Amino acid sequence: MKKWTAALLPLLLLLLSSPPAFAATSSAAVINMHGAKTYLGLASAWGKTWDEDNFEDVTGEDVTYDGSLTVKSGEVANITVSGSSSKLTVQGGVMDSVSCDGSAEIKDGDMKSVDAGGDLKISGGNIRHDVRCDEEASLSSTVKIGGSLEANEITVSSGAKVNVTGTMTAESNINLNNCTLKTRGFDGDDTATLSINQYTATLPPLENMKEIVVKNKTNATADEKIEAGELYITDGAEFSTSSSLELDQLTGPGTLYFHSGKLTVHDSIEGKPLLIFSDHVGKGDTAFYADSDSVSDDDVRLYDYGVEAKDDSGPEDRFVLTNAVSDGITLSNQSLSINPGESATVKAHVKPDFSKFATGTKLVWELYGDTSAFSKSVDSGGLSCKVSVSSSVKGMYKGTLIAYLVDSHGTRLNDYKSDSCVLSTGYSDDPGDGDSGNGTLDTSTVSILTGDRYWVLARTSSSAAPHAMSYNSAVATVGEGKAVKDSSGNPAWIYPITGTGKGQVTIEIDGQKVIARVSSGITIDTSSYTMAPGGSYVIGVTTKGVEANSIWASSDQSSVSVQYVGKSGSMFLYRISGRSAGNATVTFSITGGESVGTAVSVKNGARAGGVSARLVALA
């Protein structure tokens with residue numbers, strides 16, 4: 001070790017008994033670079049003229065410190081900060097695992113993992129693996145975690161852009177605000193409450209939640225099965241799910257949108273939540289299930305229908321819809337199929353006569369589903385609505401036209417029934433001369449950046465190009481087939497699929513289907529690369545609609561490092577370097593979007609070379 005100042009020499013002698021990791025005083029210290037090396041020194045020493053006797057060279061070494069420590073730059077191994085009142089702040093640098101008995105704040109830098117005994121704030125940096133925190137973990141700004149996050153409480157701030165590769169687990173609370181989030185899912189450990197505040201994206205998978213709270217003015221959406229202790233929808237809030245929902249308790253007075261028969265309640269329903277069905281229902285249909293004698297008929301509110309329990313001699317009561325509301329709206333059509341380029345008119349009959357309603361009462365028409373395929377036009381009297389399908393629409397689409405009554409303030413009249421009409425449109429194109437359905441495709445799903453093109457190979461013995469079509473040309477189009485030979489020399493056809501707009505669409509070729517996913521995103525030009533220690537290689541990343549600061553590049557092993565080195569035209573360049581023998585995956589992620597990886601192998605004496613590819617990650 002190098003010498004410290006004379007004032008610190010007695011203390012240094014006491015610490016020499018355990019020198020593999022550097023130990024220091026409880027005063028605040030800083031890790032930073034001086035020249036090409038990394039040093040540890042007291043914060044007060046860094047502000048003075050450089051004196052090497054005041055610092056310890058810790059380049060590539062483990063660092064143990066008792067007190068508060070700030071990492072500004074440089075490269076070290078593991079960092080351990082002890083003391084219950086200690087604080088670790090990371091503003092830059094490269095390190096392996098970092099841990100702190102007290103609180104920690106990660107603003108920048110690259111590290112393997114983080115472990116904090118107190119509160120943890122993360123607003124930047126790249127954490128390659130897991131994060132653990134005994135108290136509250138607060139995520140703000142831009143956060144990239146390559147593993148799982150576990151804490152007593154997790155808060156994702158408004159405006160944050162968070163990408164957690166693994167699961168986010170909390171014991172007490174998960175606070176989800178208006179943010180951009182990508183994660184494998186939330187785990188409540190059977191004790192946590194998930195609070196949702198103006199989060200607009202579809203919720204990630206939820207597991208083991210004690211309680212889910214949807215706060216005022218929040219429209220929460222889920223598409224995975226949910227099992228939870230309680231779902232509490234506050235006044236002015238909505239919760240919508242396309243999958244099954246199993247709860248111990250449902251609490252209102254907010255609105256729950258769900259498919260009929262997909263809700264099961266075990267203990268109780270309180271607060272009179274409003275139930276609205278996402279599918280078309282009628283008298284006698286099952287509304288929801290509840291454990292025997294746990295729920296009564298008047299525990300919920302419904303539009304258009306009443307509800308009553310049916311004892312099916314099992315452990316559950318089945319609540320079915322009754323046609324208790326007779327006055328209100330009846331539409332002339334319950335379903336309509338409209339061809340492209342055509343229209344149809346739906347008329348509303350109001351009972352009692354509309355003239356008997358209070359002044360200011362209105363009939364409202366709304367269109368749901370594939371609204372890009374349908375348009376509506378209401379007549380001047382408000383009692384009929386013309387629905388049209390553009391002649392440019394190709395493929396099968398579905399929608400729902402809904403009509404209901406509101407008072408002069410726009411509030412829906414609960415005691416009068418509404419009605420709906422299911423809309424559909426299809427195609428009747430001649431499949432052509434090809435042997436439809438006899439071919440096979442080399443691709444079942446494809447990710448395409450908006451404006452880019454991907455070629456699909458159709459293996460078929462047909463002498464004419466098989467029929468091909470897109471179900472929604474606003475998302476992707478498919479061009480004419482071109483005759484080619486496959487890799488075995490057999491006749492085949494290739495078809496260009498071009499991304500035209502954000503979304504997902506089915507492409508049909510010769511009766512076979514390809515799912516095309518189209519969005520902004522990135523394309524990586526290398527799928528794998530091999531090099532010797534000390535070697536390097538530049539990977540090109542092409543972007544569409546994604547800013548450079550939204551792209552995160554990281555390596556999951558210390559044997560390979562990755563660094564942004566600049567831009568060439570529209571391509572961003574990242575250098576991967578082999579630091580030691582080993583295998584690693586270099587992952588390129590989009591904040592709030594997908595990720596894609598390049599496999600890197602570092603071998604002693606290896607000849608450099610790789611495999612080019614088209615790897616796409618969508619935003």
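As the structure is a computational prediction, the values presented were derived from the model and not from experiment.
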Any chance [atom1] of [X] has more than 12 other-residue heavy atoms, nucleotides or ligands included, within less than 6.0 Å?
X	atom1	result
Lys417	NZ	yes
Gln563	CD	no
Lys161	NZ	no
Lys272	NZ	yes

Taking C-beta and beyond as the side chain, do [X] and [Y] meet within less than 4.5 Å on heavy atoms?
X	Y	answer
Leu618	Ile590	no
Met168	Leu181	yes
Phe186	Leu176	yes
Leu302	Leu321	yes
Arg301	Pro253	yes
His266	Glu246	yes
Val131	Ile106	no

| task | State, without any angle test, whether Glu230 and Thr251 hold a side-chain donor-acceptor pair at a distance under 3.5 Å. | result |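 Thr251 and Glu230 do have a side-chain donor-acceptor pair below 3.5 Å.
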
| field | Side-chain ion pair, Lys310 and Glu308, N-O less than 4.0 Å | value | yes

| message | Check this for me: does any side-chain nitrogen of one of Asp115 and Arg132 sit under 4.0 Å from a carboxylate oxygen of the other? | response | yes

Could you pull out the closest heavy-atom pair between [X] and [Y], with the gap in Å?
X	Y	result
Cys385	Leu401	SG-CD1, 4.1 Å
Val156	Asn177	O-ND2, 2.9 Å
Val295	Ala290	CG2-CB, 3.7 Å
Ala222	Phe239	CB-CZ, 4.0 Å
Ile448	Ala516	CD1-CB, 4.5 Å
Gly185	Thr167	O-CG2, 3.3 Å

| said: Below 30° counts as parallel, above 60° as perpendicular, anything between as tilted: where do the rings of Phe588 and Tyr574 land? | reply: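 Because their plane-to-plane angle is over 60°, the rings of Phe588 and Tyr574 count as perpendicular.
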
| request: Check the pair Lys502 / Val518 against side chain to side chain contact (heavy atoms under 4.5 Å, CB included), numbers first and verdict last. | output: CA-CA 5 Å; Lys502 188 174 182 180; Val518 184; 5.9 Å; no

| message | Could you check whether any side-chain N or O of Asp101 sits under 3.5 Å from a backbone N or O of Gly83, counting only pairs where one atom can act as donor and the other as acceptor? | response | yes

| query | Taking the six-membered ring for Trp, are Phe277 and Phe258 ring centroids under 6.0 Å apart? | reply |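 Between Phe258 and Phe277, which both carry aromatic rings, the centre distance is below 6.0 Å.
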
